[in-house]
Amino acid sequence: MATSDFALFMGQLLRKPHQVVALAPSSRFLCAEMVAEIDPAAGPVIELGAGTGNITQAILDRGVRPQDLHSIEMNPEFCDRLRARFPGLNVHQMSAGDVGSLPVETAQAVVSGLPLLSMPVALQRAILTGTFQRVRKGGTYVQFTYGPKPPVTRVVREELGLDWRVSGKIWWNMPPARVYRFFQPGAGA
Ligand SMILES: C[S@@+](CC[C@H](N)C(=O)[O-])C[C@H]1O[C@@H](n2cnc3c(N)ncnc32)[C@H](O)[C@@H]1O
């Protein structure tokens with residue numbers, strides 16, 4: 001990650017701590033786990049809370065073309081940086097709560113760097129409901145978390161009938177994290 005990206009991230013963390021909610025950008029080890037099941041031949045990918053683009057880069061490194069990746073980020077400074085860093089990427093300056101309105105059909109996955117657990121239930125519900133409108137049958141919602149519990153609150157999991165798989169702990173991240181993959185079991189994930 002470029003020093004200027006790190007400086008931008010830390011500056012925005014100081015100005016908007018309730019939106020950024022992370023001590024540092026995701027490490028390359030966490031990014032690698034987030035994108036481990038992305039297949040460039042399996043359709044478009046949607047990213048939520050792209051920040052300065054560490055997970056974005058990892059998705060593109062899997063072979064996904066920039067035009068097949070839709071990155072949602074609400075912070076305008078981060079959006080400017082994403083557009084400069086990744087020519088051809090679809091950058092959407094909007095709330096992740098509106099993901100269901102994206103003009104994307106049959107995404108293979110929604111990959112989220114959002115601070116989901118610190119969000120109100122209504123916003124989580126909008127994000128997860130929108131996600132499962134946009135992913136194809138068997139598609140997944142991929143989310144890291146620093147804590148011991150699943151990062152999607154129980155009421156939303158139950159409403160949408162979500163099950164999950166979870167990675168081992170990724171120690172080389174600040175703080176250490178796990179990656180959850182949520183899916184609707186009847187949909188063949
Ligand atoms: C923890 S940072 C993650 C940045 C980057 N993906 C990474 O992993 O290093 C969370 C990001 O989510 C963005 N964010 C927070 N709430 C959001 C929302 N409701 N809609 C879109 N982006 C949001 C913040 O602006 C910030 O860039």
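For this chain, numbers begin at 1 and follow the sequence in order. One-based numbering, in listed order, for ligands and for the atoms of each. The figures here come from the full heavy-atom set of this structure, side chains too, leaving out hydrogens, waters and symmetry mates. This is a predicted model, so every value here is computed, not measured.
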side-chain contact (heavy atoms from CB on, under 4.5 Å) partners for P44, two or more places apart: V104
T56 and E47: side chain donor to acceptor below 3.5 Å: yes
Pair N173-S27, side-chain donor/acceptor within less than 3.5 Å: yes
CZ (R83) with more than 12 external heavy atoms under 6.0 Å: yes
Under 3.5 Å: N or O atoms of ligand 1 paired with protein N or O:
from, atom 1, to, atom 2, distance (Å)
ligand 1, 6 (N), G49, O, 2.8
ligand 1, 6 (N), A50, O, 3.4
ligand 1, 8 (O), S26, OG, 2.5
ligand 1, 9 (O), S26, N, 2.9
ligand 1, 20 (N), A96, N, 2.9
ligand 1, 22 (N), M74, N, 3.4
ligand 1, 25 (O), E73, OE2, 2.6
ligand 1, 27 (O), E73, OE1, 2.8
ligand 1, 27 (O), E73, OE2, 3.4

Aromatic ring pairing F182/Y180, orientation class (parallel under 30°, perpendicular over 60°, tilted between): parallel
Side-chain H-bond candidate by donor/acceptor type, Q143 with S112, under 3.5 Å: yes
